[in-house]
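So the structure is just underneath, and the comments pick up after that.
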2 protein chains.
Amino acid sequence: MKKKDRQQKVVDEVSINRQVSSSFLSEKLNVSEDTIRRDIKELDKRGLLTKVHGGAISTMQKLYHYNEDIIYKREEKVLIAKKAITLVEDGMVIIMSGGTTNLMLAKLFPKTLKATIYTYSLPIAMQLAEHPTIETIFIGGRIQRNSMVTTGIDVIQYLSNITANLCFIGVSGFSLEQGITGEGYEVALVKKAMIKASERNVYLSTSNKLNIRLNYDICSLQEIDIAITDLDVNDPMLQHYVEAGVVLI
Amino acid sequence: MKKKDRQQKVVDEVSINRQVSSSFLSEKLNVSEDTIRRDIKELDKRGLLTKVHGGAISTMQKLYHYNEDIIYKREEKVLIAKKAITLVEDGMVIIMSGGTTNLMLAKLFPKTLKATIYTYSLPIAMQLAEHPTIETIFIGGRIQRNSMVTTGIDVIQYLSNITANLCFIGVSGFSLEQGITGEGYEVALVKKAMIKASERNVYLSTSNKLNIRLNYDICSLQEIDIAITDLDVNDPMLQHYVEAGVVLI
DNA sequence: ATAAATATTGCAGTTTTTTGCACATTAGTT
DNA sequence: AACTAATGTGCAAAAAACTGCAATATTTAT
């Protein structure tokens, strides 16, 4: 085997497993560890991988970190995410909106879940991209500065051309009379579109968003198939909704 | 498991649980507590977490925080970014590829710059979205797991419908005979499309990518209007290129 | 095609890095 | 104050990396 081929194999190995040891490569490629070390040194210099003691790791290390300290009501959101996970199955096509509740969900998806997920939120896309088996598709468009989501006609048009099994809607008010409402006009339009593109609509929110009406209508309660909060299904705060026929978990 | 990898896991764990004990990590990562302590000490020194009695806690105060010290050759990249900034003007439409050099550039754009920037890299979009006056447009598509960029026919088609004044191309090899070459097939296609969509093409790279030929052709040297490296224009390493008519800054 | 020049590879010996353990010390708690 | 758990230090074993060198292999020039 030629040197170039061998080095390509080293790069491939790193890009598949994110890490590889010199001894493993030495055995696999039938050359001495010295040679592997020299290869790694050279590839490191070219920036194709990062040399470490014992072998090499991918240069594409996690660049971004989330600071969960500043996630408001983190514990509640974990609870909601765990409930939401019971709804997903292998092979599903899912749409996710933005917000920290959905971010938590993205982070907690089982490591073996095989699904295709559409999103228009940058943080959620970053999180999903780290998942080994989820196929993430980002819906492009103009980015809203503070919320880190794309909005606009491009997004809406894209959503009108896809069909999903499930959609997870976060960061919105929830009230008996007004249904689901949103704070921003652009985002509300996008949410309307994602609901239309999906077979089942799941609303996720911490209990503080209950009985809240925001400025822009997204949809009625009837269009929501399942609503998930941090509260127990029997919590008195939820009884009005149960009576109105909302399915809660 | 490699040391670097293990330390990354420690940082991840802190980021998820915001506080974590040495004993827990020791068990989870199958190393002695001594080793964990040494890791924590080191990571604390690098500012990625805060060492406390019993383990470590998170330090960051922004929701998304990126870790600069894993950027390879950071100083050189800052230098390149500063040179690149001299090319941008208010009102421009710009396309940016991925890579840490471009990320550095995204971070260092003057706070008053008014421009429209297209990108297909998630980290770069996140960075640009924090800029007060830059309008960021993300080009959607299927996300590549490790490089955090979108690729595929959607991206290429989108690029074929826009026109930009400038495009910044990073992470590619640069050689006299082969011109610009890329490591991945999909990404190379996208780069070809962005070059076609742009009036002026700017190549950015640290000097270690010079005289390197990677697997997939992107474009010839003639198609590059300006090439930027960390080296001085008179550096002997660049003379072949100057003689071949490449404009360097 | 052949010889010279160059690059690549493996080996031996040395140096560095990493890790876990024992023991003394410190911090936090009751 | 006393007790427990966590920490720091020095040390030794093991693994990995570096160095120089000789043997091959490959490329280039003649």
Side-chain angles (χ1 to χ4, degrees), chain A residues 1-14 16-59 61, chain B residues 1-59 69-70 72-73 173 175-178 181 207-215 236-237 240:
Chain A
M1 188 185 309
K2 300 213 176 29
K3 187 186 165 202
K4 277 268 157 69
D5 292 334
R6 191 185 57 233
Q7 294 193 338
Q8 183 61 50
K9 283 220 167 26
V10 173
V11 172
D12 289 348
E13 197 64 43
V14 169
I16 292 166
N17 295 322
R18 251 182 66 257
Q19 62 150 98
V20 67
S21 65
S22 306
S23 55
F24 171 83
L25 286 171
S26 158
E27 188 144 335
K28 178 159 182 176
L29 303 173
N30 283 311
V31 285
S32 75
E33 287 195 33
D34 296 78
T35 303
I36 293 295
R37 262 194 283 278
R38 275 184 277 242
D39 283 342
I40 288 175
K41 197 179 205 171
E42 201 177 317
L43 294 166
D44 176 83
K45 194 168 284 174
R46 291 210 265 151
L48 277 86
L49 46 71
T50 304
K51 181 163 127 41
V52 297
H53 196 90
I57 59 175
S58 164
T59 317
Q61 287 293 301
Chain B
M1 188 185 312
K2 309 277 162 305
K3 186 187 164 201
K4 277 266 161 61
D5 235 39
R6 190 184 58 231
Q7 296 189 338
Q8 180 65 52
K9 287 226 158 67
V10 172
V11 174
D12 285 352
E13 203 61 46
V14 169
S15 135
I16 292 171
N17 297 321
R18 64 192 153 170
Q19 117 259 55
V20 66
S21 69
S22 306
S23 55
F24 171 82
L25 287 171
S26 157
E27 188 144 337
K28 179 154 185 174
L29 303 173
N30 282 311
V31 285
S32 75
E33 287 194 35
D34 296 78
T35 304
I36 294 296
R37 263 194 285 279
R38 276 184 275 242
D39 283 343
I40 289 176
K41 196 181 207 171
E42 203 172 314
L43 293 167
D44 176 65
K45 196 169 284 175
R46 289 208 274 150
L48 283 130
L49 44 72
T50 306
K51 183 160 122 46
V52 294
H53 205 90
I57 56 171
S58 145
T59 24
D69 64 38
I70 68 164
Y72 177 68
K73 296 203 172 197
S175 89
L176 253 182
E177 302 80 26
Q178 295 292 323
T181 50
S207 51
N208 58 324
K209 294 280 175 59
L210 285 176
N211 308 319
I212 295 282
R213 189 169 75 82
L214 298 168
N215 292 74
M237 263 191 86
H240 301 104

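In the text below, chain A, chain B and the rest are named by the order of the sequence lines, each starting its count at 1.
- Going from atom NZ of Lys3(A) over to atom C1' of dT9(C) covers 11 Å, rounded to whole Å.
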Stepwise side chain to side chain donor-acceptor pair (under 3.5 Å) test for Ser32(B) and Thr35(B): CA-CA 5 Å; Ser32(B) 75; Thr35(B) 304; 3.2 Å; yes
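- In terms of modelled atom types and a separation under 3.5 Å, the side chain of Asn208(B) and the main chain of Lys45(A) share a donor-acceptor contact.
- Atom NZ of Lys2(B) is separated from atom P of dT19(C) by 11 Å (rounded to the nearest Å).
- The number of heavy-atom neighbours closer than 6.0 Å to NZ of Lys9(A), taken from other residues, nucleotides and ligands shown, is 12 or below.
- Counted within 6.0 Å of CD on Glu42(B), heavy atoms from surrounding residues, nucleotides or ligands total more than 12; the atom is thus considered enclosed.
- Heavy-atom contacts from other residues, nucleotides or ligands closer than 6.0 Å to CD of Gln178(B) number more than 12.
- Within residues 35-47 of chain A, the residues that place at least one heavy atom under 4.0 Å from DNA chain D are, in residue-number order, Arg37(A).
- Counting any heavy atom pair closer than 4.0 Å across all strands shown, Lys51(A) reaches sugar-phosphate atoms only and no base atom.
- Nucleotide dT18(C) holds its C1' atom 16 Å from the CG atom of Leu29(B), rounded to whole Å.
- At least one side-chain heavy atom of Val31(B) sits less than 4.5 Å from a side-chain heavy atom of Ile36(B).
- The shortest distance between side-chain heavy atoms of Asn211(B) and Met237(B) falls below 4.5 Å.
- Distance CD (Gln7(B)) to C1' (dT17(C)): 13 Å, rounded to an integer number of Å.
- Here the side chain of Arg6(A) is nearest to one of dT9(C), dT19(C), dC11(C), namely dT9(C).
- For the salt bridge (Lys or Arg N to Asp or Glu O under 4.0 Å) condition, the pairs that include at least one residue of residues 31-41 of chain B, sequence neighbours left out, are Arg6(B)-Asp39(B), Glu33(B)-Arg37(B).
- Note that the first and last nucleotides of DNA chain D, 5' to 3', having any atom under 4.0 angstrom from a heavy atom of chain A are dA16(D) to dT19(D).
- Residue Ser23(B) is classed as having no contact, given no heavy-atom separation below 4.0 Å to the nucleic acid.
- Thr181(B) contributes a side-chain N or O that, together with a main-chain N or O of Leu214(B), makes up a donor-acceptor pair within less than 3.5 Å.
- Atom NZ in Lys4(A) sits about 12 Å away from atom P in dT9(C), given to the nearest Å.
- For the pair His53(B) NE2 and dG28(C) P, the interatomic distance rounds to 6 Å; values are reported in whole Å.
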